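The block underneath contains the structure these notes are about, expressed in structure tokens.
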Amino acid sequence: MYKLRPYQQQAVEATLKHFRRSRDPAVIVLPTGAGKSLVIAELARLARGRVLVLAHVRELVEQNHSKFCTYGMPAGIYSAGLNQKDTDCKVIFGSIQSVARAQVDFFKDFSLLVIDECHRVSVEDETQYAQVTQRIRGDNSQLCILGLTATPYRLDSGWIFKYGLGGGLCSHEARLFQRCIYELTLRDMIAAGYLAQPVQIDAPVASYDFSSLKLPPGRETFSLEEIEAILKDQSRITPVIIGNIVEISEGRRGVLIFTASVRHAAEIMNYLPPGQAALVLGDTPTEERDSIIERFRTQQIKFLVNVSVLTTGFDAPHVDVIAVLRPTESVSLYQQIVGRGLRTFEGKQDCLILDYTGVPHDIFAPRIYERKPREDAVAVQVECPECQHVNDFWGIISEAGVLVEHFGNTCTGTRQDPVTGELLPCGFKYRSKNCESCGEENELDAPACVRCGEAFVDDEAKLRQAMSLRDAHVMQPDSMTFEKKVDKRGVERLEVRYYDVNAQSLSEVYFFQSPQDSKVFHYNFVRMHHRLPGQALHISSIDDAIAASALFRMPLYLIARKQDRYWKIREKVFLGAVRS
């Protein structure tokens with residue numbers, strides 16, 4: 001029997017505490033190499049009823065089963081890939097593909113369902129995970145559902161749970177998992193000595209240029225055809241890269257190489273030392289694959305090349321070099337790859353992360369789902385003025401380390417109902433849009449008004465429409481100025497003028513003759529232009545506005561319509577509003 005590490009025991013206790021008071025499906029987040037299988041084993045041992053543990057690959061099924069058996073207790077396996085289909089044991093470890101096809105009687109009497117690598121669970125109703133969950137819940141409405149993962153977010157839909165560890169709202173959409181109940185960061189694991197130190201080396205000698213790759217909305221992976229075309233054009237770089245890997249890994253024990261395609265992997269094999277390298281593909285026969293991996297684990301070979309098959313369920317602690325030669329779509333996938341080299345091993349001090357893609361990810365970066373609005377954006381923390389929740393947003397930091405702008409829209413904080421225990425969203429909006437029909441304040445990305453149902457026209461459509469009209473003018477401003485002017489009646493006014501690269505301009509004016517004028521300026525200008533919404537900004541005069549000009553962001557586009565002989569600005573489109 002294994003002795004749980006302190007954080008593993010904490011994860012177990014957090015799970016027990018949660019399910020004693022709630023049946024909301026929950027998630028535990030532990031980095032790769034943290035020993036999730038031991039947490040699963042301890043929970044299965046403590047469970048009073050029957051337990052089903054699901055995984056998506058047979059290696060994980062086998063690994064989780066093996067850890068549980070160290071307790072000296074019987075457990076079954078339900079996996080066609082492992083040639084076992086046990087049905088009567090109290091604890092069953094199964095592959096999702098096999099369990100989804102099991103007979104109806106198989107699903108009776110389970111009280112706990114554990115899903116390993118639960119970030120693979122989609123919100124779609126027709127998936128195998130959804131079908132299995134519905135079948136078990138149909139027999140037991142009090143079913144406890146627990147997910148474990150190192151990467152709790154998906155490229156297609158974002159966070160896999162509705163509420164984060166601190167109660168923050170992570171998703172407005174429906175989710176199977178409602179709460180994250182325990183989380184340990186990669187930094188914490190490394191600092192405590194539970195994982196090896198990653199040493200990231202970007203483009204050690206040369207790198208492929210994948211900058212032309214784009215990931216359109218709705219697509220989760222890069223196009224293999226596009227990747228192949230890039231690699232073919234840059235094939236002369238491959239032998240240089242492999243030579244560099246061989247040189248740098250001299251004196252190292254195990255090198256795991258992640259490639260972009262089968263053709264790419266075969267090309268790489270040609271440049272590795274004969275007799276020291278092997279290749280594993282998705283269609284490599286099971287016995288051959290097991291033999292290759294065993295030879296690698298026992299250090300009979302030094303280099304193991306693979307094409308997206310060793311990102312999960314693979315355990316070779318001696319690996320001390322990870323070479324990334326394929327573009328990765330997300331931080332999640334990148335962390336899975338790097339995690340293969342972070343397990344501790346006798347005599348192992350660190351793990352070299354060699355990235356030859358030119359677009360590496362930061363494995364320690366906070367998991368903000370939204371894509372960066374600008375290349376210079378960094379993760380920032382912004383406190384909500386209403387609930388004091390600290391939000392993780394993208395933002396801009398000055399050279400002095402001061403936050404000068406953030407791109408957050410809505411507070412993710414929550415409050416707990418004292419009677420029901422239900423978490424209710426704070427709802428504070430840093431930025432919003434008002435319905436022209438009823439005046440209701442709505443989320444920036446809302447498709448329709450929450451009060452009256454009036455459909456909103458998105459900014460892309462507005463731009464397309466404006467460009468097609470004769471009496472509309474679309475400008476992409478290059479600069480913005482603030483100036484005090486005097487009209488024909490001698491009344492002072494603020495003129496905000498926008499210039500494009502050709503020095504053409506559009507302007508708008510604001511008066512400050514009364515408190516009502518100040519409110520108009522706040523509603524029509526400050527509310528949209530403020531770089532740090534949520535921070536109070538009181539402007540009651542033209543001089544105040546000019547003094548605060550550095551606090552205002554410039555629109556990406558202006559849409560103006562002809563009014564008599566002049567152009568009047570009707571719409572403003574800001575950064576983040578138009579999808580790339």
Side-chain angles (χ1 to χ4, degrees), residues 1-4 8-9 11-16 18-20 23 25-28 30 34-118 120-121 127-149 176-177 286-287 290 312-315:
M1 178 186 292
Y2 290 87
K3 178 178 174 57
L4 295 184
Q8 293 169 333
Q9 186 61 47
V12 170
E13 291 170 357
T15 304
L16 298 177
H18 172 74
F19 286 127
R20 286 189 185 117
R23 286 297 181 266
V27 171
I28 288 174
L30 292 173
K36 294 191 296 293
S37 57
L38 287 175
V39 175
I40 293 171
E42 178 67 2
L43 289 170
R45 183 183 73 85
L46 294 173
R48 294 179 180 177
R50 296 187 71 209
V51 180
L52 176 61
V53 181
L54 292 177
H56 70 289
V57 292
R58 66 185 185 90
E59 288 85 359
L60 280 176
V61 174
E62 200 168 25
Q63 180 178 302
N64 291 334
H65 176 265
S66 175
K67 288 292 193 297
F68 180 78
C69 289
T70 63
Y71 285 100
M73 300 173 65
I77 288 178
Y78 198 95
S79 170
L82 295 172
N83 298 313
Q84 284 184 251
K85 289 194 174 181
D86 302 318
T87 59
D88 298 326
C89 299
K90 175 191 172 183
V91 180
I92 293 180
F93 295 84
S95 65
I96 180 61
Q97 299 86 349
S98 298
V99 170
R101 294 191 290 268
Q103 297 298 312
V104 175
D105 289 347
F106 173 86
F107 299 96
K108 291 183 178 179
D109 305 325
F110 287 113
S111 63
L112 173 63
L113 171 62
V114 179
I115 303 176
D116 199 2
E117 302 291 344
C118 66
R120 301 184 67 86
V121 177
T127 65
Q128 291 179 324
Y129 282 109
Q131 293 168 8
V132 169
T133 302
Q134 291 165 8
R135 285 186 179 183
I136 302 177
R137 270 181 166 171
D139 191 60
N140 180 9
S141 61
Q142 294 300 303
L143 176 71
C144 298
I145 302 177
L146 178 71
L148 293 97
T149 182
L176 168 63
F177 299 106
T286 301
E287 290 186 7
D290 291 345
T312 58
F314 173 76
D315 186 4

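Given the structure is predicted, the values throughout are model-derived calculations rather than measurements. Any value given below was found using the heavy atoms of this structure, including those in side chains, with hydrogens, waters and symmetry copies removed.
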Could you pull out the closest heavy-atom pair between [X] and [Y], with the gap in Å?
X	Y	answer
Asp86	Gly76	OD2-CA, 3.3 Å
Arg137	Leu143	CG-CD2, 3.9 Å
Ala11	Ile28	O-CD1, 3.7 Å
Phe19	Ile145	CZ-O, 3.3 Å
Asp315	Gln63	CB-OE1, 4.3 Å
Gln97	Ala55	OE1-O, 4.4 Å

Legend entry - Verdict with supporting geometry, Arg120 and Ile96, side chain to side chain contact (heavy atoms under 4.5 Å, CB included): CA-CA 11 Å; Arg120 301 184 67 86; Ile96 180 61; over 6 Å; no

Short question: side chain of [X], backbone of [Y] - any donor-acceptor pair under 3.5 Å?
X	Y	result
Lys90	Ala47	yes
Ser66	Glu62	no
Arg50	Cys89	yes
Gln128	Val99	no
Ser79	Arg58	no

Inset, instruction - Start with the C-alpha gap between Val121 and Thr127, add the side-chain angles, then the distance that decides, and say whether side chain to side chain contact (heavy atoms under 4.5 Å, CB included) holds. - result: CA-CA 8 Å; Val121 177; Thr127 65; 5.7 Å; no

If you define the side chain from C-beta out and look only at heavy atoms, does anything of [X] sit under 4.5 Å from [Y]?
X	Y	value
Ser95	His56	no
Val57	Glu117	no
Tyr78	Thr87	yes
Ile115	Phe177	yes
Met73	Val91	no
Glu42	Leu38	no
Val53	Phe68	no
Val39	Val12	yes

Nearest 0.5 Å please: distance from the [atom1] atom of [X] over to the [atom2] atom of [Y].
X	Y	atom1	atom2	value
Arg48	Ser111	CZ	OG	10.0 Å
Ile92	Leu54	CD1	CG	10.5 Å
Lys36	Lys67	NZ	NZ	11.5 Å
Leu146	Ile40	CG	CD1	8.0 Å
Ile77	Asn83	CD1	CG	10.5 Å
Asp116	Phe93	CG	CZ	10.0 Å

Legend entry - Audit row: Phe106, Val132, side chain to side chain contact (heavy atoms under 4.5 Å, CB included) steps and yes/no: CA-CA 10 Å; Phe106 173 86; Val132 169; over 6 Å; no

